[in-house]
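These notes are about the structure you will find just below.
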Amino acid sequence: MTPLTLTADTNGRAAKARRTAWVPTIVLLLGALYCLIPIAWVVIAATKDRSELFSTFTFAPGSGFLQNLSDLTDYRDGIFWRWMANSAFYAGFGALLSAAVSAAGGYALGRFAFRGREAIFKMILAGVLVPSIVLAVPQYLLLSKLGMADSYWSMLLPSILSPYGVYLVRIYAAASVPAELMEAARMDGASEWRIFSRIAVPMMMPGLITVFLFQFVGIWNNFLLPYVMLADDEKFPITLGLYTLLAQGASQPALYTLVITGCLLAILPLIGLFLVIQRFWSLDLLSGSVKA
């Protein structure tokens with residue numbers, strides 16, 4: 001085969017590879033549009049007042065965002081912001097506790113050998129496969145027997161243990177915490193708690209941040225658990241609060257603008273959290289590469 005033929009063949013393969021690369025790019029763009037169009041609709045619809053919402057073009061901006069925000073704040077003496085504060089408490093505190101429990105459980109399963117470890121790990125894997133909707137009613141019955149139904153604890157306790165979080169930290173601990181480093185710390189007289197808190201936790205931090213993010217988003221977006229557990233609307237999270245507003249909108253169409261504006265405001269904390277944590281991920285990975 002001549003050099004000219006080889007060059008033509010190489011150029012043909014490169015052109016074919018470039019054409020093929022357009023296929024996944026187009027698929028990703030379509031997926032991005034599918035996810036972003038509803039968000040764009042919420043952002044634009046939140047700017048429309050009651051008369052503009054159903055009478056103007058879908059993606060034409062309105063002029064009533066500030067009025068919608070004022071009406072939402074005034075609704076029932078600002079109960080919307082109480083719902084937002086409840087969601088922040090449930091999601092933030094619950095995700096923090098879940099990350100701590102996952103750190104301890106995953107570290108123990110990943111770095112210690114003891115009888116029954118594999119059986120416990122398989123039970124946790126089985127828990128990952130169980131949908132949360134299946135557990136909502138049994139959890140309600142159990143907490144009701146303990147007198148904790150319709151309380152803040154009824155939202156926090158079911159969120160503390162995350163089977164997926166324990167599984168993820170177990171894998172991460174086994175891969176990122178060297179056994180040699182733990183043995184060296186023991187030889188220097190460090191206690192197991194000191195090894196865990198001063199050595200293992202910093203090395204597992206990217207995994208723990210991932211668990212925190214997943215749990216925060218899951219708790220923030222959870223609807224079924226508060227719907228089953230809570231009766232007092234002063235304790236409602238934002239999801240259940242907006243649902244009650246939407247249900248009332250069937251008889252009071254004026255509330256639709258409040259629901260849409262509330263949906264927009266409910267998205268913003270998740271976007272801000274993701275941006276902050278993404279930066280933290282980058283810093284952790286860079287610091288890990290420097291230490292290596």
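All heavy atoms count here, side chains included; hydrogens, waters and symmetry mates do not. Residues: numbered from 1 along the sequence shown. For clarity, every value in this text was computed on a predicted model and none was experimentally measured.
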Which atom of [X] lies closest to which atom of [Y], heavy atoms considered:
| X | Y | result |
| --- | --- | --- |
| Leu224 | Ala136 | CD2-CB, 3.9 Å |
| Pro226 | Leu240 | O-CD2, 3.6 Å |
| Gly64 | Glu52 | N-OE1, 4.2 Å |
| Ile219 | Ser159 | CD1-CB, 3.5 Å |
| Tyr167 | Ile124 | N-CG2, 4.3 Å |
| Pro269 | Met84 | CG-CE, 4.0 Å |

Sub-3.5 Å donor-acceptor pair from the side chain of [X] to the main-chain atoms of [Y], do we have one?
| X | Y | result |
| --- | --- | --- |
| Thr261 | Leu258 | no |
| Arg117 | Phe112 | yes |
| Gln67 | Asp49 | no |
| Ser154 | Ala149 | no |
| Trp220 | Gln215 | no |
| Thr239 | Asn222 | yes |
| Ser98 | Gly94 | no |

Co-members of Leu28 in a cluster of I, L, V, M, F, W and Y side chains, linked at under 4.5 Å: none
Does Leu30 sit in a hydrophobic cluster with other residues, and if so which ones, taking ILVMFWY side chains as linked at heavy-atom separations under 4.5 Å, directly or through other members? Ile26
Indicate if [X] and [Y] have the same hydrophobic cluster label, given that clusters are the connected sets of ILVMFWY residues with side-chain heavy-atom separations under 4.5 angstrom.
| X | Y | answer |
| --- | --- | --- |
| Ile171 | Met123 | no |
| Met187 | Met182 | no |
| Leu268 | Val43 | yes |
| Tyr34 | Phe59 | no |
| Val211 | Leu129 | no |

For Ser197, give me all partners under side-chain hydrogen bond (donor to acceptor under 3.5 Å, both in side chains), at least two apart in sequence or on another chain. none
Can you give the donor-acceptor pairs under 3.5 Å from side chains of residues 86-93 to other protein atoms, not counting sequence neighbours?
residue, atom, partner, partner atom, Å
Asn86, ND2, Arg82, O, 3.3
Asn86, ND2, Glu234, O, 2.8
Asn86, ND2, Phe236, O, 3.0
Ser87, OG, Trp83, O, 3.4
Ser87, OG, Ile238, N, 2.6
Tyr90, OH, Lys235, O, 2.8

Within the structure provided, determine whether Leu242 and Phe80 are in side-chain contact (heavy-atom separation under 4.5 Å).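 They are in side-chain contact.
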Check salt bridge (Lys or Arg N to Asp or Glu O under 4.0 Å) between Arg186 and all other residues, then give those that pass, not counting sequence neighbours.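 Per chain and number, Arg186 pairs via salt bridge (Lys or Arg N to Asp or Glu O under 4.0 Å) with Glu183, Glu192.
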Please name all residues satisfying salt bridge (Lys or Arg N to Asp or Glu O under 4.0 Å) with Asp150, sequence neighbours left out, ordered by chain then number.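 Result, salt bridge (Lys or Arg N to Asp or Glu O under 4.0 Å) vs Asp150: none returned.
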Classify the ring geometry of Tyr243 against Phe223: parallel below 30°, tilted from 30° to 60°, perpendicular beyond 60°.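 Rings of Tyr243 and Phe223: perpendicular, as their planes differ by over 60°.
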Any chance you could lay out the side-chain contact (heavy atoms from CB on, under 4.5 Å) test for Asn68 and Arg50, step after step, and finish with the verdict? CA-CA 9 Å; Asn68 293 339; Arg50 301 167 187 173; 5.7 Å; no
Check this for me, if you would: do Arg194 and Asp188 make a salt bridge, where the nitrogen-to-carboxylate-oxygen distance has to be below 4.0 angstrom? no
Pairing donors with acceptors under 3.5 angstrom, does anything connect the side chains of Thr257 and Lys48? no
Can you see whether Thr73 engages Trp81 through a side-chain donor-acceptor pair at a distance of less than 3.5 angstrom?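 Note: Thr73 and Trp81 side chains meet the donor-acceptor criterion.
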Quick check for you: to the nearest 0.5 Å, what is the distance between Ser162 atom OG and Phe214 atom CZ?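 Reported to 0.5 Å precision, the distance equals 10.0 Å.
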Stepwise side-chain contact (heavy atoms from CB on, under 4.5 Å) test for Ile79 and Tyr75: CA-CA 7 Å; Ile79 194 171; Tyr75 178 75; 4.0 Å; yes
Tell me whether the centres of the aromatic rings in Tyr107 and Phe196 are closer together than 6.0 Å.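 Yes: the rings meet the under 6.0 Å criterion.
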Which is it for Leu273 and Phe212 under the side-chain contact (heavy atoms from CB on, under 4.5 Å) test, yes or no, and what are the steps along the way? CA-CA 11 Å; Leu273 177 68; Phe212 178 86; 4.2 Å; yes
Apply the test side-chain contact (heavy atoms from CB on, under 4.5 Å) to residues Leu161 and Val166: give CA-CA distance (whole Å), side-chain angles for both, the deciding distance (0.1 Å), then the verdict. CA-CA 8 Å; Leu161 181 59; Val166 176; 4.1 Å; yes
Looking at Ile133, I want to see if its CD1 is surrounded by more than 12 non-hydrogen atoms of other residues, nucleotides or ligands under 6.0 Å.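 Atom CD1 in Ile133 is not packed in, count stays at 12 or less.
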